[in-house]
Amino acid sequence: MRTIWRYMISDRVFLVAFILAVVAILFGQFAVGDINFNVIFTLFGMMLVLALFEASGFLRYAAILLIEKSKDTRQLIQIITLVSFIGSTLLSNDVVTLTILPLYCRILMTIKSFKGRILGATLIPLAANLGGLIFPFSNPQNLVIYDFFQMDGGTFIRWTLPLWLVSLPILYFLTLFVEKADAASSLKQQGISRHLAIYGVILMLLMVASVFGVLKLSMAFPIVAIAVLMINYHLYRGVDDRLLLTFVCFFIIVGNISRLETIQTFLERWVIGPYSTYFVSFLSSQVVSNVPTAILLTPFTDNIQALLLGVNIGGLGTLIASLTNLLGYNIISKMDKPFRKRYLTIFLGVNFAVAVVLTLVFLPFI
């Protein structure tokens, strides 16, 4: 019993989602149809692939290799931000944040203090959120929308690519506020497992093929699951089962909420046009996070592009606007109190500033 309790309370997001799901079932109903198993198994397969990449040490190796070439602290932040941005495009925003942010915190302990060090920590989850918005498999909210509307990959990327491209110069501009100081670090390089990295690439291609409809998920997932089991069954420990269960809870909660007549009336009235869809999805993301928002709003709107932009830009802002933000703050919470307080202030200021800029740029095209 204690083991179950420790399992539950070790992840507050999962604990809250589980309690709300139980309440939703007690006052509503449990409908298997509310759970999008296609999304769940796609995420499961991607997690197995990402566990392979983490075990290979590829991302850490690449990051340290680039960091070693940094001439000063500003270039250090620029490289780390770029690695976070590109890494989340190819892998996922959560994995990149969990890999790069702790690495950056360790770097801070090995070099002299410099102006902009906390901004650098803020830019890692920000870059991960923005870099991961281009493909359906990079961000969970994208996968929900892509799967629900049965979109084709070309249309999806055509809508997300401009936002992805505009994000790069914004991130670069923010790095200019970092002081140029000595970036010499005592952090040592570690080896890379090439065979695990190669397996990771092959299995990643299988999962991506299933997302874009080239290969059926019913074929791709078993191949990935069995392959990882044969390569190293310990890698299953790298799967965040609580995150998968959190998504199951999200689907149950949102399924019951969407059946409430008051909610149906509100959403049918307020997500009719593209602008209202955008602002409702953006504001809802600030309060309940962008993944539950995507699950909730998809049945009530045909304004797919507005919804897609709303939940992705909506992932910037509050700590709960996206899971990546929460993961980032959880890592930062292990730093000293002055660092944590300053981080929160800078995080909110930078995130909302970028969200406003992106909204102003893309609102005319919604």
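In this text the structure is predicted, and so the values were computed from the model without any measurement.
- Between the side chain of Asp240 and the backbone N or O of Leu243 there is at least one donor-acceptor pair closer than 3.5 Å.
- For Arg242, the CZ atom sits in a packed shell: over 12 heavy atoms of surrounding residues, nucleotides or ligands are nearer than 6.0 Å.
- Checking Leu205, Val201, Leu206 one by one against Leu203, the side-chain contact (heavy atoms from CB on, under 4.5 Å) holds for a single residue, Leu206.
- The aromatic rings of Phe177 and Phe173 sit perpendicular to each other, their planes meeting at more than 60°, with 30° as the lower class boundary.
- Between Phe339 and Tyr343, the ring planes are parallel. Angles under 30° get that label, and only those over 60° would be called perpendicular.
- Taking 4.5 Å as the limit, every side-chain heavy atom of Leu235 sits out of range of all side-chain heavy atoms of Leu48.
- Panel note: side chain Ser285, backbone Gly315; no donor-acceptor pair is recorded below 3.5 Å.
- At a cut-off of 3.5 Å, with distance as the only test, a side-chain donor of Tyr278 or Thr359 sits close to an acceptor on the other residue.
- Here OG of Ser84 is found 11.5 Å from CD1 of Ile79. Values are rounded to the nearest 0.5 Å.
- At distances below 3.5 Å, not a single donor-acceptor pair connects side-chain atoms of Ser284 with backbone N or O atoms of Ser281.
- Test Asn312, Asn290, Asp94 against Asn139 for side-chain contact (heavy atoms from CB on, under 4.5 Å) and you get one pass: Asn312.
- At least one side-chain heavy atom of Pro299 sits under 4.5 Å from a side-chain heavy atom of Phe148.
- By the rule that hydrophobic residues join a cluster once side-chain heavy atoms approach within less than 4.5 Å of another member, Phe279 and Val288 end up as members of separate clusters.
- Two residues are said to be in side-chain contact when any heavy atoms from C-beta on lie closer than 4.5 Å; Leu163 and Leu308 fail this criterion.
- Residues Leu101 and Ile332 form a side-chain contact, since some pair of their non-hydrogen atoms from C-beta on lies under 4.5 Å apart.
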Where do Ser56 and Ile198 land on the side-chain contact (heavy atoms from CB on, under 4.5 Å) test, with the steps shown first? CA-CA 9 Å; Ser56 74; Ile198 292 170; over 6 Å; no
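- Under the 4.5 Å side-chain heavy-atom criterion for Ile, Leu, Val, Met, Phe, Trp and Tyr, Val350 and Met335 are members of the same hydrophobic cluster.
- When every heavy atom of Thr97 is checked against every heavy atom of Pro125, the shortest pair comes out as OG1-CA, 4.0 Å.
- A tilted orientation is assigned to the rings of Trp164 and Phe85, their planes being inclined by 30° to 60°.
- Looking at Leu358 and Leu130, their side chains come closer than 4.5 Å, going by heavy atoms from C-beta outward.
- For Asp302, the CG atom is loosely surrounded, since the number of other residues' heavy atoms within 6.0 Å does not exceed 12.
- To the nearest 0.5 Å, atom CG of residue Leu123 and atom OG1 of residue Thr81 are 4.5 Å apart.
- Closest non-hydrogen pair, Leu90 versus Phe137, comes out as O-CE1, 4.0 Å.
- Ile366 has its side chain within reach of Leu363: a pair of non-hydrogen atoms, C-beta onward, lies under 4.5 Å apart.
- Residues Val356 and Leu360 have side chains in contact (heavy-atom distance under 4.5 Å, counting atoms from C-beta outward).
- The main-chain N or O of Ile320 is found under 3.5 Å from a side-chain atom of Ser289 such that the two form a donor-acceptor pair.
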Tell me, with the steps shown, if Leu43 and Leu244 meet side-chain contact (heavy atoms from CB on, under 4.5 Å). CA-CA 7 Å; Leu43 287 172; Leu244 290 175; 3.9 Å; yes
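- With hydrophobic clusters built from ILVMFWY side chains whose heavy atoms lie under 4.5 angstrom apart, Ile331 shares a cluster with Leu103.
- Thr122 is listed as a side-chain neighbour of Asn351, based on a closest heavy-atom distance under 4.5 Å.
- Following chains of ILVMFWY side-chain contacts shorter than 4.5 Å, one can reach Ile253 starting from Phe37, so the two form part of one hydrophobic cluster.
- Side-chain atoms of Asn93 do not come within 3.5 Å of backbone N or O of Ser88 as any donor-acceptor pair.
- In this structure, Leu176 and Arg74 approach most closely via the heavy-atom pair O-NH2, 3.3 Å.
- Scanning all heavy atoms of the two residues, the minimum distance from Gln286 to Ala321 falls at OE1-CB, 3.9 Å.
- Checking each of Phe251, Phe14, Phe18 against Thr246 for a side-chain contact (heavy atoms from CB on, under 4.5 Å) leaves exactly one that passes, namely Phe14.
- Atom CG of residue Leu174 and atom CD1 of residue Ile346 lie 11.5 Å apart, to the nearest 0.5 angstrom.
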Apply side-chain contact (heavy atoms from CB on, under 4.5 Å) to Met46 and Leu143, showing your working. CA-CA 12 Å; Met46 292 299 293; Leu143 189 59; over 6 Å; no
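- For the pair Asn142 and Gly132, the tightest heavy-atom approach, listed with the atom from each and the gap, is ND2-O, 3.8 Å.
- A distance of 9.5 Å separates CG of Leu348 from CG of Asn325, quoted to the nearest 0.5 Å.
- Considering CG of Leu82 and CD of Gln75, their distance stands at 11.0 Å, rounded to 0.5 Å.
- When all heavy atoms are compared, the tightest approach of Ile145 to Thr298 is CG1-CG2, 4.1 Å.
- Both Val32 and Ile25 belong to a common hydrophobic cluster when Ile, Leu, Val, Met, Phe, Trp and Tyr are linked at side-chain heavy-atom distances under 4.5 angstrom.
- Using cut-offs of 30° and 60° for the angle between ring planes, the His195 and Tyr199 rings count as perpendicular.
- Taking the six-membered ring where tryptophan is involved, the planes of Tyr236 and Phe44 are perpendicular, since the angle between them exceeds 60° and thus also 30°.
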